[in-house]
*Asks:* 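Take this structure first; my questions come after.
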Amino acid sequence: MKGPSINWEALSPFIALVAGLCVVLLVGLARSAFIRRQVVPFLTLVALGTTAGLGIWQWDINEAIINEALVVDNLSLALLMIFVAGGIAATFLSWRSIASAEAGEGEYYALMLTSILGMLVLVAANDLVVLFIGFELLSIPLYVMCATHMRREQSLESGLKYLIIGSVGSATLLYGLAMLYGAAGGTNYADIAAAADEFADDVLFMIGIGLVLAGLAFKASVAPFHQWTPDVYEGAPTPVTGFMAVATKAAAFGVILRLFVGPLIDATTTWAPAFATLAVITIIVGNVGAIGQTSLKRMLAYSSVAQAGYMIAGVVVTTRLGVAATVFYLAIYVVMNLAAFAVITARERETGLGDDISSLYGLGRERPLLAWPMTISMLALAGFPVTAGFFGKLYLIDAAVDNGYGWLAVVIVLGSAVSLAYYLRVVAAVWMQDAPATSKTLSAVPVIAGGSPEADDEARARGVEPGTDVGRVVSEDFGEPSMVTAGERLAQPEVVFVAVVCALVTIAFGVYPEPLLDVARDAGEAFLNLI
């Protein structure tokens with residue numbers, strides 16, 4: 001029996017990720033600290049760069065491969081670039097991370113590459129079975145990565161919560177896929193499309209659509225399926241949180257576009273009203289929930305919920321303009337968020353205040369190279385002009401109005417107005433608050449360089465010179481948080497680099513968005529059945 005014909009060139013981005021994760025995992029077994037801490041992250045960047053290059057090489061191929069189980073087209077390749085960008089930024093942010101050292105550098109970066117592979121499989125899936133494989137390949141590594149800071153209780157709690165709630169989402173999705181298969185009589189998207197018009201009002205088919213929608217809404221942090229998001233974002237290591245915030249959301253919306261705007265488009269009257277209702281609920285819940293947060297990661301978690309509500313508008317309209325607007329917003333969402341998470345990562349290591357908003361006090365005076373990226377990020381997320389976020393919201397509003405969803409466009413505008421309450425509070429903390437006074441206290445942990453090799457490794461991972469113990473919270477040694485100050489901090493050039501580059505890209509696409517919009521339009525062309 002002859003197997004299906006395989007286009008190896010179209011499959012090359014998948015192969016690059018598989019090869020990359022295997023090499024990274026094996027090299028990470030080396031005993032040399034230099035190889036584990038320097039070579040392994042570098043090889044991860046090489047694997048991601050190679051994958052991106054192969055994706056660019058295959059641009060405009062638009063072909064179904066492996067017996068039509070996968071589709072390599074401009075949509076999947078555009079989303080691949082988003083995943084790669086998120087992975088590269090997460091690699092830089094993780095370079096000094098305690099989480100990567102505790103989990104093992106090889107395992108940590110291999111898990112991240114595996115998750116990116118799952119994201120690519122998910123958005124390229126043209127079959128319900130492949131969709132679920134991609135969904136699990138994306139999710140399981142993230143469950144582990146959330147808990148990689150193993151000596152921190154919140155990290156373990158984050159991983160456990162994500163595992164439990166994610167399993168519920170996976171089970172819900174699987175039930176929905178089984179019902180779609182039962183109604184359509186096949187798992188290929190072509191079978192689903194053929195049945196969508198005929199069985200649009202069939203109870204089994206409608207229940208399947210509802211369960212699939214709920215399962216994917218878990219992953220996209222769409223209210224009311226968002227409850228896991230603030231706790232997981234807060235507890236996970238910040239580089240992992242940043243990666244999840246941008247790449248996972250792009251993957252979730254990629255498969256939503258692929259499935260609902262593709263084979264299920266003839267059942268639009270069944271699912272579009274539900275999606276539009278979820279969009280309104282999500283925008284309200286996300287913006288209201290973010291207002292009272294003092295934790296920056298929890299605030300960005302609720303912000304991501306609201307942003308998901310905005311992006312649903314691009315799905316509901318079921319037009320090429322809507323698809324292009326959604327892909328454009330997903331792309332700029334990466335740089336807007338990663339700029340903020342890079343700053344949070346740096347300040348966690350410098351101040352000892354964690355992700356509390358007080359860690360940003362005095363930042364404008366002390367660290368302008370971090371202050372400006374955080375400011376630009378907040379303004380872009382709020383949709384200020386001369387930032388990419390402004391054009392992102394503008395295109396979504398245009399798509400909504402153009403297809404008769406003007407009321408949803410009004411909700412987007414009102415939600416953006418409400419979001420100013422918490423975005424501008426962060427800007428005020430950066431520029432209008434003085435840095436908190438610090439005090440010297442004793443610590444039960446040796447502060448002499450070399451006194452504890454383990455403590456020295458942790459200090460370097462935090463960006464602190466061993467022996468100086470700058471800005472470290474010593475709540476484990478005392479009953480309440482206290483700080484010790486002395487010496488000079490190590491530079492964190494890779495973190496500052498991510499923050500500055502993301503901020504510059506945000507401004508660049510805010511001034512001249514056409515190149516990125518052209519890529520988004522090409523992605524929209526993947527749906528030949530749309531107007």
Side-chain angles (χ1 to χ4, degrees), residues 1-8 10-11 14 61-77 79 117-139 169-220 251-272 274-275 315-316 318 323 523-530:
M1 185 175 180
K2 188 177 181 181
S5 175
I6 298 177
N7 184 339
W8 295 102
L11 199 62
F14 299 83
I61 184 173
N62 298 323
E63 181 179 333
I65 60 175
I66 313 180
N67 203 23
E68 299 187 349
L70 294 168
V71 174
V72 179
D73 57 12
N74 289 346
L75 175 64
S76 57
L77 294 176
L79 292 171
L117 174 63
M119 294 174 188
L120 180 57
V121 171
L122 182 65
V123 300
N126 195 46
D127 188 277
L128 299 182
V129 175
V130 178
L131 185 156
F132 189 72
I133 291 172
F135 192 87
E136 291 302 293
L137 196 58
L138 176 165
S139 302
S170 296
T172 304
L173 174 66
L174 185 58
Y175 270 114
L177 296 178
M179 290 185 178
L180 288 182
Y181 164 67
T187 59
N188 193 272
Y189 282 7
D191 300 323
I192 306 299
D197 186 39
E198 181 181 356
F199 296 104
D201 296 327
D202 181 74
V203 175
L204 182 64
F205 197 73
M206 291 175 65
I207 293 175
I209 290 176
L211 291 175
V212 169
L213 190 155
L216 295 177
F218 271 104
K219 194 61 67 179
F253 273 95
V255 69
I256 288 172
L257 287 171
R258 176 77 70 189
L259 183 60
F260 284 87
V261 184
L264 293 177
I265 192 169
D266 288 333
T268 301
T269 54
T270 300
W271 59 261
F275 253 131
V315 179
V316 169
T318 61
V323 174
E525 296 295 327
F527 297 96
L528 301 178
N529 56 334
L530 300 182

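The residues of the chain are indexed from 1 along the displayed sequence.
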*Asks:* Ser139: what forms a side chain to side chain donor-acceptor pair (under 3.5 Å) with it, not counting sequence neighbours?
*Replies:*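 Applying side chain to side chain donor-acceptor pair (under 3.5 Å) to Ser139 gives Lys219.
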*Asks:* When you compare the side chain of Val255 with that of Phe135, does any pair of heavy atoms fall below 4.5 Å?
*Replies:*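 A side-chain contact under 4.5 Å is absent here.
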*Asks:* How far does OG1 of Thr172 sit from CG of Leu213, to the nearest 0.5 angstrom?
*Replies:*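 Between Thr172 OG1 and Leu213 CG, I get 11.5 Å after rounding to 0.5 Å.
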*Asks:* Can you name the closest pair of heavy atoms from Ala10 and Val72 and give their distance?
*Replies:*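 Nearest heavy atoms, Ala10 then Val72: O-CG2, 3.7 Å.
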*Asks:* Suppose the criterion is side chain to side chain donor-acceptor pair (under 3.5 Å): which pairs have a residue in residues 67-76, not counting sequence neighbours?
*Replies:*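 Non-adjacent pairs meeting side chain to side chain donor-acceptor pair (under 3.5 Å): Asp60-Asn74, Asp73-Ser76, Asp73-Arg258.
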*Asks:* Of all the heavy-atom pairs spanning Gly169 and Phe218, show the shortest one and how long it is.
*Replies:*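 In terms of heavy atoms, the two residues are closest at CA-CD1, 3.6 Å.
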*Asks:* Side chain to side chain donor-acceptor pair (under 3.5 Å) with Asn7: which residues, sequence neighbours excluded?
*Replies:*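 Scan of Asn7 (side chain to side chain donor-acceptor pair (under 3.5 Å), adjacent residues dropped) gives Glu63.
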*Asks:* According to side-chain contact (heavy atoms from CB on, under 4.5 Å), who are the partners of Met179, at least two apart in sequence or on a separate chain?
*Replies:*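 Testing Met179 for side-chain contact (heavy atoms from CB on, under 4.5 Å), a comparison that skips the adjacent residues, returns Leu204, Ile207, Leu211.
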*Asks:* In chain order, what residues pass the side-chain contact (heavy atoms from CB on, under 4.5 Å) check against Ala69, with sequence neighbours excluded?
*Replies:*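 Testing Ala69 for side-chain contact (heavy atoms from CB on, under 4.5 Å), a comparison that skips the adjacent residues, returns Val130.
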*Asks:* Applying side-chain contact (heavy atoms from CB on, under 4.5 Å), name anything that partners Ile133, two or more places apart in sequence or on another chain.
*Replies:*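 Listed in chain order: Val129.
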*Asks:* How long is the span from the OG1 atom in Thr318 to the CG atom in Leu257, to the nearest 0.5 Å?
*Replies:*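 Rounded to the nearest 0.5 Å, the OG1-CG separation comes to 11.0 Å.
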*Asks:* Rounded at 0.5 Å granularity, tell me how far CD1 in Ile192 sits from CZ in Phe205.
*Replies:*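 Ile192 atom CD1 to Phe205 atom CZ measures 6.0 Å (nearest 0.5 Å).
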*Asks:* What's the verdict on side-chain contact (heavy atoms from CB on, under 4.5 Å) for Ile6 and Ile65, showing C-alpha distance, side-chain angles and the deciding distance?
*Replies:* CA-CA 6 Å; Ile6 298 177; Ile65 60 175; 6.0 Å; no
*Asks:* Could you tell me which non-hydrogen atom of Ala251 sits nearest to which non-hydrogen atom of Leu138, and how far apart they are?
*Replies:*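 Answer, listing the atom of Ala251 first, then Leu138: CB-CD1, 3.6 Å.
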*Asks:* Show your working on side-chain contact (heavy atoms from CB on, under 4.5 Å) between Leu11 and Leu70 and close with a plain yes or no.
*Replies:* CA-CA 9 Å; Leu11 199 62; Leu70 294 168; 4.3 Å; yes
*Asks:* What pairs of donor and acceptor atoms, side-chain ones from residues 260-269 against any protein atom, are under 3.5 angstrom apart with sequence neighbours left out?
*Replies:*
unit_1: Thr268; atom_1: OG1; unit_2: Ile265; atom_2: O; d: 2.3

*Asks:* Please tell me if the side chains of Leu131 and Leu173 come closer than 4.5 Å, counting only heavy atoms from C-beta onward.
*Replies:*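 With C-beta onward as the side chain, the pair touches.
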*Asks:* Just grab all the side chain to side chain donor-acceptor pair (under 3.5 Å) pairs involving residues 183-193, residues at least two apart or on different chains.
*Replies:*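 Listed once each, the pairs are Asp127-Thr187.
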*Asks:* State the CZ-CG distance between Phe132 and Leu174, to the nearest 0.5 angstrom.
*Replies:*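 One finds 4.5 Å between CZ of Phe132 and CG of Leu174.
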*Asks:* With a 4.5 Å limit on heavy-atom distance, are the side chains of Val315 and Trp271 in contact?
*Replies:*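 A side-chain contact exists here, since the closest heavy-atom pair is under 4.5 Å.
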*Asks:* What heavy-atom pair brings Ala183 and Asp202 nearest, and what distance separates the two atoms?
*Replies:*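 So the minimum-distance heavy-atom pair works out to CB-OD2, 4.4 Å.
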